[in-house]
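Chain naming here is simple, since letters A, B, ... match the order of the sequence lines and numbering starts at 1 in each. Computed from a predicted model, the values in this text were never measured in an experiment. Just so you know, these numbers use all the heavy atoms, side chains as well, and skip hydrogens, waters and symmetry mates.
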Number of protein chains: 2
Amino acid sequence: MTLNVLGYAAQSARDALAPYRFVRRDPRPDDVVIHILYCGVCHSDLHTVRNDWGFSTYPIVPGHEIIGRMISVGPDVTRFKPGDHVGVGCMVDSCRHCAACEQGLEQYCEEIPTYTYGGIDRHDRMPTFGGYSEKIVVSDKFVLKIPDGLDLKGGAPLLCAGITTWSPLRHWKVGKGSKVAVIGLGGLGHMALKLAKALGAHVTLFTRSSGKEKDARRLGADNVVLSTDKGQMAAVKGRFELIIDTVPYAHDLNPYMPSLTLNGTLVLVGFLGGLEPVLNTVPMIMGRKSVAGSVIGGIPETQELLDFCGKHGITSDVEVIMIQDINEAYERMLKSDVKYRFVIDMASLKDR
Amino acid sequence: MTLNVLGYAAQSARDALAPYRFVRRDPRPDDVVIHILYCGVCHSDLHTVRNDWGFSTYPIVPGHEIIGRMISVGPDVTRFKPGDHVGVGCMVDSCRHCAACEQGLEQYCEEIPTYTYGGIDRHDRMPTFGGYSEKIVVSDKFVLKIPDGLDLKGGAPLLCAGITTWSPLRHWKVGKGSKVAVIGLGGLGHMALKLAKALGAHVTLFTRSSGKEKDARRLGADNVVLSTDKGQMAAVKGRFELIIDTVPYAHDLNPYMPSLTLNGTLVLVGFLGGLEPVLNTVPMIMGRKSVAGSVIGGIPETQELLDFCGKHGITSDVEVIMIQDINEAYERMLKSDVKYRFVIDMASLKDR
């Protein structure tokens, strides 16, 4: 069975995304085939399409916030049946035997996970293509169950924006009464506010623009601190056990370090690169504070997040677009002109 | 009772240390008076004397690795009696009521601990003077018991070099089978090797000079890695749960980050300042790794360390000097020409 699939692809770093027909790999006995209903639009889709990180290979079919309906399951698959609503995030496979994989932390696979797009399948060496397409073939181990009642459109961004903030919240044991801050209010930041609040934390948003206060409070912030205001920054000295820094570009961490408690951690989830301006060690040493990093989350914790969101009725605030509008959506995303995540209605693929 | 004391002081950043007579504060009911037998020589003594950090006030009598014999105790003191062997480290007081102090983490006192020298007593506003002197007056809460049988000369550096490495080893739960690395083999580094080994860890030294291997192994290293050798660095990829970085000047952390395990931490204990060259976040994010800081240790954990060292026969490798040789010792320390800590025999104060 050869799966001919229609999607949207970039053929080079300078090309807009455009319709592209390609072949999905032949399903293996533990694979499932998913009809894609919605796909969230992540900043890393744009970075990869434009080769901002320098390792893109073309053509690229982006998309790793995938929600769909199961079409068929292989003979070894017992967890799913046709018709199930399912999700696929940033990974479609991993080595499955290293220490990280054995702990369900496939995102830290020592042999590097197979990413949902722009990767190479570790069995048949076929390139992987993402969710801006009709269908996807995935090993059942990397497929998530979507709880009944979860809105499918708003649920799609949980697969990346959601899990990227959920994983550090859980790893650093945020719970009732925890003092948490979030830097930046975008796709990741708005999920961090919602999730931290639902976990029972007292949540603060650090932002550079005073206009975001009302929205931040609606999303779960108990407090909003203008990071450009020295008085407001001084008022939160020693306050936060965990700061989730969602800012996707190089920025100065030094103003935030004093706001951590003793043993507090600032965890970077959005920026890959050099920490400029340089980090001063004094607040770290004089308060046993840490700067850490975290990337997406493992499959078990992604399922945990989806179940949590199903139970608490949490989804992403999304603007649904047609696939034909994806290039314009990228331009708007660059201007932070989205509240707070674009999600493509993949039914639009047929509207040509 | 006014305590006239002879010590060695610097009168300005450009002066050598020279004999200096000064008055100790009047003992309070919870104070003890200690006759100083030995005082270790710490890099921060030198930094403070020369005003390298910009906040020194003169005259300065340095010294915060103090071992002595109890002369007298105030009426409220029950833990000590005259004749006891006791120690004093970097702190002589703190606020005693903040969250840090209540946890026995006085080094992180929210109102800043009173440092053993160069500080101001929080009750009578007298300047504090350190251990390069005959006697010291200290609140009994900040006095440590020296276990029977612990060598007093080699025990002195436990009060700073020892606790500075012990505290992170304990905080990050190093024990049997832990994989620990130490960067730098000086006063702090040689204690880190001994203590990590005694805690049951598998210990690696990172060093830039191949000549240190034999000594490192004698001190407890199971493995020595030349940090300038790319092949040796690649061979320890993903190896260490904790790296204790004792280097006292700005240096590149990036080569060490890949050698941390998933969830591993590199903890800075020796360098106050800007992290140059800039730290790249990629290994942190792709392995949930942390860079942290830690300073000395609290009073309860310092007592724990001394008791542990008493039980395991651990002391610092020291070169005992006379106080008259202190200025020469500073010059040698700047050239790392000491194995591994100078300790002043304070009896030499009388040899004028």
Tell me, for [X] versus chain A, whether the close heavy atoms (under 4.5 Å) come from the side chain, the backbone, both or neither.
| X | answer |
| --- | --- |
| B/Leu266 | neither |
| B/Gln103 | side chain |
| B/Asn254 | neither |

Atom group of [X] that falls short of 4.5 Å from chain B, counting heavy atoms:
| X | value |
| --- | --- |
| A/Leu262 | side chain |
| A/Ile296 | neither |
| A/Trp172 | side chain |

How far apart are the C-alpha atoms of B/Val295 and A/Arg288, what are their side-chain angles, what is the distance that settles it, and do they pass the side chain to side chain contact (heavy atoms under 4.5 Å, CB included) test?
CA-CA 7 Å; B/Val295 72; A/Arg288 199 157 60 192; over 6 Å; no
For the interface with chain B, which of A/Ser290, A/Gly273, A/Ala292 has the highest count of heavy-atom pairs at distances below 4.5 Å?
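Of the candidates given, the most pairs with chain B belong to A/Gly273.
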Quick check for you: among A/Gly274, A/Ser167, A/Ser294, which has the greatest number of heavy-atom pairs under 4.5 Å with chain B?
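Between A/Gly274, A/Ser167, A/Ser294, the count favours A/Ser294.
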Sorted by number, residues from residues 275-287 of chain A in contact with chain B (heavy atoms, under 4.5 Å)
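Within residues 275-287 of chain A, the residues under 4.5 Å from chain B are A/Leu275, A/Glu276, A/Val278, A/Leu279, A/Asn280, A/Thr281, A/Val282, A/Met284, A/Ile285, A/Met286, A/Gly287.
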May I ask you to name which of B/Leu272, B/Val291, B/Ile112, B/Thr261 has the most heavy-atom pairs under 4.5 Å with chain A?
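It is B/Val291.
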Flag if over 12 foreign heavy atoms under 6.0 Å of CZ, A/Arg208:
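Open: at most 12 neighbouring heavy atoms sit under 6.0 Å from CZ of A/Arg208.
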